[in-house]
Protein chains: 2
Amino acid sequence: MTDRSRNVPTLERLVGYNLKRAYMVVQGDYRAALGDGALAPRVFSALTLVVEFPQISQSDLARRLGIERSGLVAIVGELEERGLLERADVPGDKRVQALVATPEGTRACNDAMARVQAHEDRLLGMLTEAERATLIALLAKIRQAEDVQAG
Amino acid sequence: MTDRSRNVPTLERLVGYNLKRAYMVVQGDYRAALGDGALAPRVFSALTLVVEFPQISQSDLARRLGIERSGLVAIVGELEERGLLERADVPGDKRVQALVATPEGTRACNDAMARVQAHEDRLLGMLTEAERATLIALLAKIRQAEDVQAG
DNA sequence: TATTGTTATACTCTATAACTATA
DNA sequence: TATAGTTATAGAGTATAACAATA
């Protein structure tokens, strides 16, 4: 152990604590940068996946987002109200609704993505491209632990 | 751009999205690992800082935790109810209350820290020590951007 | 005027449980 | 029996605005 690391308070050496604090910073800046009328992070994420996977069901979308189906109802409802996607019937299974982005939805998605990228580029300007890639890779590794948790 | 990075969905390349997903995984495992009666993450963090900085005021503690003073009332109240800290009057300024951990509070803090470390060691076992240190360093860098945000 | 602790309040995000209609 | 979408509800966690006491 070096002199430097020995003096770092224990709380600051926990991944969970740093993760939460960094998440709050990025999330706060997202909202400040995109403004009040913009898509909230989770709504933006959902729209992105609908654009990427046309005809996706709500259950599949919830699985991909890592949230419960019930939580998705309000998100999809907001996107439908904004005219950014449509719930389409699926022939052969009346239970399922295929989510399809409207042309305006695809435009809004691209537009939002550009603004999110700009916000991250500005906020994370202190990180090199390599550092940013490393960070994303490490976070992705943690995400993969989702299936092997305690309890 | 390599073939590999070109095929990664855009959402997956956003720091914010990966940060949130990883945060949910770690936070969920914390709760599963420490159990129902345990200190919630934010209560544990507050106690840790009170042990580390005896006589700290609520305002200073809120600043260190990056939350509002109003949000700290319930946290300190819970710690006091559990007998883990005391609010002490400060001679010279009747507005301020000095927070001091009780002996039991210090014990509970050490005990919780050991369990949190065990939970992180297990959950983050897929990361090498070096990767974990890198991750914390990168997250700490993002935390420092808290003061130079948009809006 | 400014600061400390506090209350009241609201908002966001998430989860659980139960329901319906289908399969 | 199981699945898709939905509703109702509750629980964290956070923020803002206002207040009394004190500086």
Side-chain angles (χ1 to χ4, degrees), chain A residues 16-17 19-21 23-32 34 36 38-46 55-80 85-99 146 149 151, chain B residues 16-17 19-21 23-32 34 36 38-46 55-80 85-99 146 149 151:
Chain A
Y17 182 71
L19 206 45
K20 178 176 188 174
R21 296 293 299 265
Y23 164 63
M24 295 296 291
V25 169
V26 173
Q27 199 233 35
D29 192 79
Y30 175 107
R31 294 187 186 282
L34 270 76
D36 267 1
L39 299 174
R42 64 186 196 150
V43 182
F44 163 68
S45 298
Q55 319 283 337
I56 193 173
S57 71
Q58 289 197 32
S59 289
D60 281 348
L61 181 53
R63 269 187 286 272
R64 280 192 185 274
L65 289 170
I67 65 177
E68 292 297 315
R69 282 171 299 150
S70 61
L72 202 56
V73 176
I75 297 172
V76 171
E78 178 184 334
L79 287 169
E80 192 175 35
L85 65 72
E86 282 171 356
R87 293 164 150 116
D89 287 345
V90 169
D93 194 337
K94 290 183 178 173
R95 293 173 305 180
V96 185
Q97 294 177 334
L99 303 178
E146 203 161 22
Q149 287 186 37
Chain B
Y17 181 71
L19 206 45
K20 178 176 186 174
R21 294 294 300 266
Y23 164 63
M24 295 296 291
V25 169
V26 174
Q27 199 234 35
D29 192 80
Y30 175 107
R31 294 187 186 283
L34 270 76
D36 267 0
L39 299 174
R42 64 187 196 147
V43 182
F44 164 68
S45 298
Q55 318 284 338
I56 193 173
S57 72
Q58 289 197 32
S59 288
D60 281 348
L61 181 53
R63 269 188 286 273
R64 280 192 185 274
L65 288 170
I67 65 176
E68 293 297 316
R69 281 171 300 149
S70 60
L72 201 57
V73 176
I75 297 171
V76 171
E78 178 183 335
L79 286 168
E80 193 176 34
L85 65 72
E86 282 171 0
R87 292 164 152 116
D89 287 347
V90 170
D93 193 336
K94 290 184 180 174
R95 294 173 305 179
V96 185
Q97 295 177 333
L99 303 179
E146 204 161 21
Q149 286 186 38

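Letters go in sequence order (proteins before strands), and every chain restarts at 1.
Residue B:E86 places its CD atom among 12 or fewer non-hydrogen atoms of other residues, nucleotides or ligands, all under 6.0 Å distant.
At whole-Å resolution of the value, CG in A:L72 and C1' in D:dG5 are 10 Å apart. As a whole-Å value, the separation of B:D89 CG from D:dA23 P is 11 Å. Between A:E78 atom CD and D:dT6 atom C1' the separation is 18 Å, expressed in whole Å. The distance between atom CZ of B:R95 and atom P of C:dT4, rounded to the nearest whole Å, is 6 Å. Between B:R87 atom CZ and C:dT6 atom P the separation is 4 Å, expressed in whole Å. If you take NZ of B:K94 and C1' of C:dT3, they are 16 Å apart, rounded to a whole angstrom.
Closest heavy-atom contact between B:R87 and B:Q58: NE-NE2, 3.5 Å. Across all non-hydrogen atoms, the minimal contact from A:Q97 to A:V90 is C-CG2, 4.3 Å. A pairwise comparison of heavy atoms in B:S45 and B:L65 identifies CB-CD2, 3.9 Å as the closest pair. The shortest non-hydrogen separation linking B:G71 to B:R42 is O-NH1, 4.3 Å. Closest non-hydrogen pair, A:V26 versus B:G16, comes out as CG1-CA, 3.8 Å. The two atoms that bring A:L79 and A:L39 nearest to each other are CD2-CD2, 4.3 Å, heavy atoms only.
Set against C:dT22, C:dG5, D:dA23, the side chain of A:D93 has C:dT22 as its closest nucleotide. Of the candidates D:dG5, D:dT6, C:dG5, C:dG5 carries the atom nearest the B:S57 side chain, counting heavy atoms from C-beta on.
Looking at A:I75 and A:L61, their side chains never come closer than 4.5 Å, going by heavy atoms from C-beta outward.
Phosphate proximity of D:dT6 to A:Q58: present, with a side-chain N or O under 4.0 Å from OP1 or OP2.
Backbone-only engagement by A:V96 is indicated by non-hydrogen atom pairs under 4.0 Å involving sugar-phosphate atoms exclusively.
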Give each protein N/O atom lying under 3.5 Å from an N/O atom of nucleotides 10-16 of chain D, with the pair distance.
from   : atom 1 : to    : atom 2 : distance (Å)
D:dA12 : O3'    : B:R31 : NH2    : 3.2
D:dG13 : OP1    : B:R31 : NH2    : 2.1
D:dG13 : OP2    : B:R42 : NE     : 3.3
D:dT14 : OP1    : A:K20 : NZ     : 3.0
D:dT14 : OP2    : B:R42 : NH1    : 3.3
D:dA15 : OP2    : B:E68 : N      : 3.4
D:dT16 : O4     : B:S70 : OG     : 2.7

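Ring pair A:Y23/B:Y23 is parallel by interplanar angle, where below 30° counts as parallel and above 60° as perpendicular.
One can find a donor-acceptor pair under 3.5 Å joining the base of D:dA4 and the side-chain atoms of A:R69.
Each end of the helix from C:dT1-D:dA23 to C:dA23-D:dT1 yields a helix axis from five base pairs, and these two axes differ in direction by 0° (to the nearest 10 degrees).
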